[in-house]
Amino acid sequence: MTSVTSPPRGGTAGAEAHGGPGAAEPGGPEAEGALQEAFDAAVAADERIEPRDWMPDAYRSTLIRQIAQHAHSEIIGMQPEANWITRAPSLRRKAILMAKVQDEAGHGLYLYGAAETLGASREELLDKLHDGRQKYSSIFNYPTLTWADVGAIGWLVDGAAITNQVPLCRCSYGPYARAMVRICKEESFHQRQGYELLLALARGTEAQCAMAQDAVDRWWWPSLMMFGPPDDESAHSAQSMAWKIKRHSNDELRQRFVDICVPQAEALGLTLPDPDLRWNEERGHWDFGAIDWEEFRQVLKGNGPCNEQRLRRRRTAHENGAWVREAAAAHAAKHAARSAS
Ligand code: FAQ
């Protein structure tokens, strides 16, 4: 975006350029008004907002909230599947699963990096995750009870993530949009490996097929909840869509996901656990049954089956990694001192 980075306010790196109340300098309310106009025009023209551009404080804090929640989801999301790495049924499956779990860590890093461009420090974001001030996706508070859950997560959870994230590649904030391009490519591989795993089970013995069906039964409804509350209860959607952070509403994306999954389930020979699923000729979409929003609210409140375990494990991993962070900081300081002298 060029118009908002013009000389009066652009060009400086660091805290001032990262905005907050001082970012509109020089000038008073008039300059601020001009900056707001340039920002609005850039968003309307589908231009990208970049880290050193002026942006409204609320735009910045909304992005930090969403990107941080997304980053936290990626790293907490490593836990349910990591649970099966040591018990993968073959070397091939183990190698695939290890690569996938590592990818999720990488996604967390891109996303924390994107949040840092907005002036949020990684330490601060992790502190907020660890003490419960920031959320992570509800889906990762469910247990992985059998090997088939690895397939169901790939097919449904990564599938829902892609449906939600492909439009985010066109998000108005440049660093987030660019991170999403790479993440979506990797998620696409994740989704396919899950589908292929479930297909192998569905075509296997009776017991394997039953295990696949049971996993789909347990992961279907929580996957639909990943898209967030219904539109009329979504606190942030209207503003986020006006800013072109979100391009579609929660319900639109949820419907898109259901429409994609129904024929895929049929191809797998598995049943989606919803007696109300019906093709609606008039709407050109699949109708589906009522989601248990009380369950969603309870999981968000910390009362899901695994909330406590997930956060406890995350905090322990962070504490155990303290020496690595200290060593890295000491190493960097030593090199900085050497090059200064
Ligand atoms: N879980 O007003 P809205 C993945 C919160 S990555 C928990 O509709 P918004 C990859 C929401 O934060 C999965 N909280 O909010 C993977 C807000 O609370 P707040 C994560 C939720 O932001 C696969 C309140 O409810 N993906 O799976 C959830 O406009 C396999 C009101 O909601 C992303 O984060 C939820 N499901 O829309 C990794 C994508 N839904 O903040 C490992 C980016 C809503 O005011 C293994 N995020 N809330 O306290 C988004 O697109 C949006 O943030 C939504 C929510 C759509 C999630």
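Numbering of ligands and ligand atoms starts at 1, following listing order.
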### Message
Which option wins on minimum heavy-atom distance to atom 40 (N) of ligand 1: G228, A235, G154, G159?
### Response
G228

### Residue, atom name and distance, where the atom is the protein heavy atom closest to atom 39 (C) of ligand 1
N164 OD1, 3.1 Å

### Query
In terms of heavy-atom contacts, does NE2 of H335 have more than 12 from other residues, nucleotides or ligands at under 6.0 Å?
yes

### Query
Taking everything shown except R178 itself, do over 12 heavy atoms lie less than 6.0 Å from its CZ?
yes

### Query
Is the closest N or O pair between E187 and ligand 1 shorter than 3.5 Å?
no

### Query
Looking at E81, which atoms of ligand 1 are within less than 4.0 Å of one of its heavy atoms?
46 (C)

### atom 3 (P) of ligand 1 [closest protein heavy-atom partner, distance rounded to 0.1 Å]
S234 OG, 3.4 Å

### Task
With the side chain counted from C-beta on, respond yes when L35 and F39 share a heavy-atom pair under 4.5 Å apart, and no when they do not.
no

### Query
Atom NE2 in H285, atom CD in E252: separation rounded to 0.5 Å?
9.0 Å

### Query
Taking everything shown except R325 itself, do over 12 heavy atoms lie less than 6.0 Å from its CZ?
yes

### Message
Is it true that, when you exclude E294 itself, more than 12 heavy atoms of the residues, nucleotides or ligands shown sit nearer than 6.0 Å to its CD?
### Response
yes

## Note on the structure
Of H236, K246, R133, R297, the one whose closest heavy atom lies nearest atom 37 (O) of ligand 1 is K246

### Message
What verdict does the salt bridge (Lys or Arg N to Asp or Glu O under 4.0 Å) test give for E186 and R182, after you've listed the backbone C-alpha separation in whole Å, the side-chain angles of each residue and the deciding distance to 0.1 Å?
### Response
CA-CA 7 Å; E186 293 175 355; R182 183 157 174 192; 3.7 Å; yes

### Query
Which residue owns the protein heavy atom closest to atom 4 (C) of ligand 1, what's the atom, and how far is it?
A161 CB, 3.7 Å

### Task
Just need the protein heavy atom nearest to atom 28 (C) of ligand 1, so name the residue and atom and give the distance.
F296 CZ, 3.7 Å

### Query
Do any nitrogen or oxygen atoms of K135 come within less than 3.5 Å of a nitrogen or oxygen of ligand 1?
yes

### Task
For R65, take its heavy atoms, then give the atoms of ligand 1 lying under 4.0 Å from any of them.
12 (O), 22 (O), 41 (O)

### Nearest protein heavy atom with distance in Å, relative to atom 31 (C) of ligand 1
P229 CG, 4.0 Å

